[in-house]
Amino acid sequence: MVLAVAALLSSGSAAAAPETGFDWPLRPRPVVARPFDPPDHDWLPGHRGVDLAGAPGQAVYTAGPGVVVFAGKVAGKPVVAILHDGGLRTTYEPVEAEVPVGRRVTRGARIGELATGHAGCPVPACLHWGLRRESTAHASREYLDPLGLLRRTPIRLKPVEHGIPPADG
């Protein structure tokens with residue numbers, strides 16, 4: 001699993017995610033209210049995650065197995081952060097934590113409840129789900145699109161041949 005995630009993330013593209021063992025942090029599958037929009041540089045504006053439409057008090061689950069490395073407030077917002085194998089860290093905000101720091105969690109483990117108060121959210125509550133890779137050769141942090149962690153089945157269309165007689169020969 002670690003190799004699959006590492007291969008996905010080292011490619012710089014999250015479009016062709018292999019089966020990685022990660023899942024959506026909200027159930028049922030949420031609508032993406034705001035997509036990932038990485039900044040050109042760490043200090044520039046951008047959207048370093050995705051906003052998922054939810055409801056106040058909705059259960060939030062860890063997207064993959066790991067260890068809770070933060071459960072508290074950042075700039076007045078409740079945040080939970082999970083460290084996964086391979087130096088990947090997912091963040092969930094605004095989430096009122098139900099897990100302590102140091103707890104090992106499995107994919108789909110309940111980690112808290114979605115709170116209101118995420119700026120720019122078009123519905124009563126949005127989960128800001130972030131992903132970054134820690135300490136790479138390029139920089140101390142690399143922000144990635146968390147949707148790249150999810151299993152996606154590629155659509156393959158085959159040509160339809162109408163009215164073309166088979167070749168003789």
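FYI, side chains are in, hydrogens and waters are out, and symmetry mates aren't considered; it's all heavy atoms of this structure.
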> To the nearest 0.5 Å, what is the distance between CZ (Arg107) and NE2 (His84)?
12.0 Å
> Cut-off 3.5 Å, no hydrogens considered: what does the side-chain donor-acceptor table look like for residues 60-82, sequence neighbours left out?
{"residue": "Thr62", "atom": "OG1", "partner": "Gly64", "partner atom": "O", "Å": "2.9"}

> Has Arg104 got more than 12 heavy atoms of other residues, nucleotides or ligands less than 6.0 Å from its CZ?
no
> Atom CG in Leu127, atom CG in Asp51: separation rounded to 0.5 Å?
8.0 Å
> Begin from the C-alpha positions of Val123 and Val31 and carry the test side chain to side chain contact (heavy atoms under 4.5 Å, CB included) through to its verdict.
CA-CA 11 Å; Val123 296; Val31 169; over 6 Å; no
> Residues in side chain to side chain donor-acceptor pair (under 3.5 Å) with Arg132, at least two apart?
Glu134
> Please work out whether the ring planes of Trp129 and Tyr92 are parallel, tilted or perpendicular, with thresholds of 30° and 60°.
parallel
> I want to check something: taking the side chain as every heavy atom from C-beta on, are Leu52 and Val32 in contact at a cut-off of under 4.5 Å?
yes
> What are the two closest non-hydrogen atoms of Gln58 and Arg27, and how far apart are they?
NE2-O, 3.1 Å
> Tell me, please, which residues at least two apart from Glu96 pass side chain to side chain donor-acceptor pair (under 3.5 Å).
none
> Provide the closest heavy-atom pair for Cys126 versus Ala53 in the form atom of the first, atom of the second, distance.
SG-CA, 4.2 Å
> Hey, mind stepping through Trp24 and Leu147 against side chain to side chain contact (heavy atoms under 4.5 Å, CB included) and telling me if it holds?
CA-CA 9 Å; Trp24 292 94; Leu147 297 180; 3.7 Å; yes
> Quick check: does any side chain N or O of Glu93 sit under 3.5 Å from a backbone N or O of Ala115, one acting as donor and the other as acceptor?
no
> Please give me the minimum heavy-atom distance between Pro56 and Thr116, naming the atom from each residue.
CG-CG2, 3.5 Å
> So which atom in Leu83 and which in Leu88 form the shortest heavy-atom distance, rounded to 0.1 Å?
CD1-O, 3.3 Å
